[in-house]
Amino acid sequence: MTIAAQIKIAAEQALKSLFPQADIQPSQITVNQTKPEFKGDYTVVLFPFVKSLRMKPDELGKQLGDYLVANNELFTSYAIVSGFLNLTIKDSYWANFLTATYNNTSFGVKEKNNKKVMVEYSSPNTNKPLHFGHMRNIFLGYAMSNVLKTNGYDVVKANLINDRGIHICKSMIAWMRYANGATPESTGIKGDHLVGDYYVKFNDIYKEEVAKLVAEGVAEATAEKEAPIMKEAQELLRKWEAGDKEVYSLWEKMNGWVYEGFDKSYKRLGVDFDKMYYESNTYLLGKSLVEEGLKKGVLFKKEDGSVWIDLTADGLDQKLLLRSDGTSVYMTQDLGTAQLKYNDCGGLEQSIYVIADEQNYHMQVLKLILQKMGEPCADGIYHLSYGMVELPSGRMKSREGTVVDADDMMDEMASMAKQQTEEAGKTEGFTQEELDKLYTTIGMGALKFYLLRVDPKKKMIFNPKESIDLHGFTATFIQYAHARICSILRKENMPLVPAKDTFASFKLTQDITPAEKKLAVSLEQYPSILENAATEYNPSLLCNYCFALAQQFNSFYDEHSISKAENEEKKQLRLMLIVMTAQVLRHAMNLLGIALPEKM
RNA sequence: GGUCCGGUAGCUCAGUUGGAUAGAGCAUCAGCCUUCUAAGCUGAGGGUCAUUGGUUCGAAUCCAAUCCGGAUCACCA
């Protein structure tokens, strides 16, 4: 149990025993970390009880403080400052904590809870390469999957690939018209980029054709519908849906190129999936669900044959589920896919969708419809909604080529890491191979951290002209702290994870210094941070935590020598502290997909 | 117009069920490498927490209204 939870229980027990007549609710007891300007480690807020107990805060604090110090081994002393009871925890508590957990590589990891969770993330369209916005989605989904795993869940990482529809037909038609059979092999262009180039080409031609029609006196709206290349794309889609062999094989070929490209990108990004869904397989799903919904009376049919659900009572609108010609819409297939996912896994405790906030309404409706239909998959649906990544000029538009490409960005980050490492003169003692690996580690770390450190639901603006920083609140800062620790351990001939009995002779006889204690206190909080990250679906909590921990380490490092500590006891204590700091940093950052080098 | 989300230092962001004098990073300025990695540390300046009212011992946090920004409300995906 965390120290904060122990204090809460102790305070509750103390209040109940001091004031048996009073009605003390656990929810009234707040335990916070004591502000640095005051003496103490943890604070109990006294105000909630002064009224019912008819006591002044100071008087209550004195009784409670006396009781706690007398009856509980955790506390050595207390101080009351304007209504706050500041408790000081015994040094031996922190020492015991360290000796018990310094080499526990699964500190904070919960036991399996036998609950299955699916996390769907990435879910790209197959008409263009991945861009900066996708990376936010991908890192979030991957990190969230890991966070849930450490919290005991059995996690299935899923990717729903939007491989069909008008968008891919646009790339196909442009390729047919202008590519002269160009392939990734013949051009040396990565498959997803090649297909993306023709998507851009389509839009260029489309614009030209519309402009030409408008110049000929056609109304703009009509021109947009009548542009030959658009009509060809639509014709291609019809043929695809009719199962035209030629169209189908071109579609397979071009999608294949894209998948090869995606695979490379995913590998570089360091993410993977347990299950792939393809819309070409799922887009007809959901119709039977709609039939059922009609029978149950949850849905209704309009005169023209279209099927709807009325959500006006829930403050929403009417939503179409089947067109009047009986064909399905996006929502229809999503209903089916939700059910498919659930059945595939033999039931799901939660089904998490990592999707941008532009689809908040869609996801709300999806869940609501399934709930109204009484589908078992409904209640577990959770939309992990994140804000879009925008440029200073506004949203990225792949049609207009203003996107920041994922592959380019990764290259740039690595070269920035290279440049700054060389400038700092830190390349000595590395082979070229090690250096290249280091640049990747630093560059990818900075990129991932940059996208994960912000609360997911907030939109973020990325200015490509201002490069991503490698100083301050960054992965580099944390990596550096880790490398420093590793450097000390190397000099001490100590492995990163020392054996259980390494500090068997340790015995606490001296006071723990403030800098030492700060580290211990932060380390002790890791499990609860990990838990919060899961319950709040927010990996950025781990970024904040790791940065604060690294910061505390740096101050500690500046203030105290480890190798040349005042005496053997201090040396052992500090070694335990830094071993565990490195261990926790590695663990947390690994969940975010960020590696920490041992040397940099 | 309806619904949802956001508004905190010049910029980018924290702020855990309401708790102490609202915190980091970047940028600016001033210090710190004969000592375990200075990608670091210490310090300074910088705030009407969008506005107004309410709830109470106490509000950046909860409620209401208003202002600003964004998303969304298709027989599109």
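Remember, predicted model here, so these are calculated numbers, not experimental data. Note on naming: letters A, B, ... go to the chains in the order of the sequence lines (proteins, then strands), and numbering restarts at 1 for each one.
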Of the nucleotides B:rG19, B:rC41, B:rC26, which one has an atom closest to the side chain of A:Val45? B:rG19
For residues 24-57 of chain A, which residue pairs pass the ring-ring contact (aromatic ring centres under 6.0 Å, His included) check, not counting sequence neighbours? A:Phe47-A:Phe84
With no hydrogens and no angle check, just 3.5 Å: does a side-chain donor-acceptor pair link A:Arg164 and A:Asn255? no
Name the closest nucleotide to the A:Met460 side chain, picking from B:rA20, B:rC13, B:rC41. B:rC13
Just N and O in the side chain of A:Lys564: are any of them under 4.0 Å from OP1 or OP2 of B:rU35? no
For A:Asn32 and A:Thr43, which I'm curious about, is there any donor-acceptor pair between the side chains at under 3.5 Å? no
Choosing from B:rA77, B:rG40, B:rA20, which nucleotide comes nearest the side chain of A:Phe84? B:rA20
Considering only the P atoms, how many Å lie between B:rU37 and B:rA44, rounded to the nearest integer? 29 Å
The side chain of A:Ser561 lies closest to which of these nucleotides: B:rG25, B:rG6, B:rC36? B:rC36
Using only modelled atom types and a 3.5 angstrom limit, is any donor from either the side chain of A:Thr421 or the base of B:rA39 paired with an acceptor on the other? yes
With A:Asp455, which of A:Lys459, A:Arg453, A:Lys458, A:Lys457 fulfils salt bridge (Lys or Arg N to Asp or Glu O under 4.0 Å)? A:Lys457
What's the closest nucleotide to the A:Lys426 side chain, out of B:rC36, B:rA20, B:rU37? B:rU37
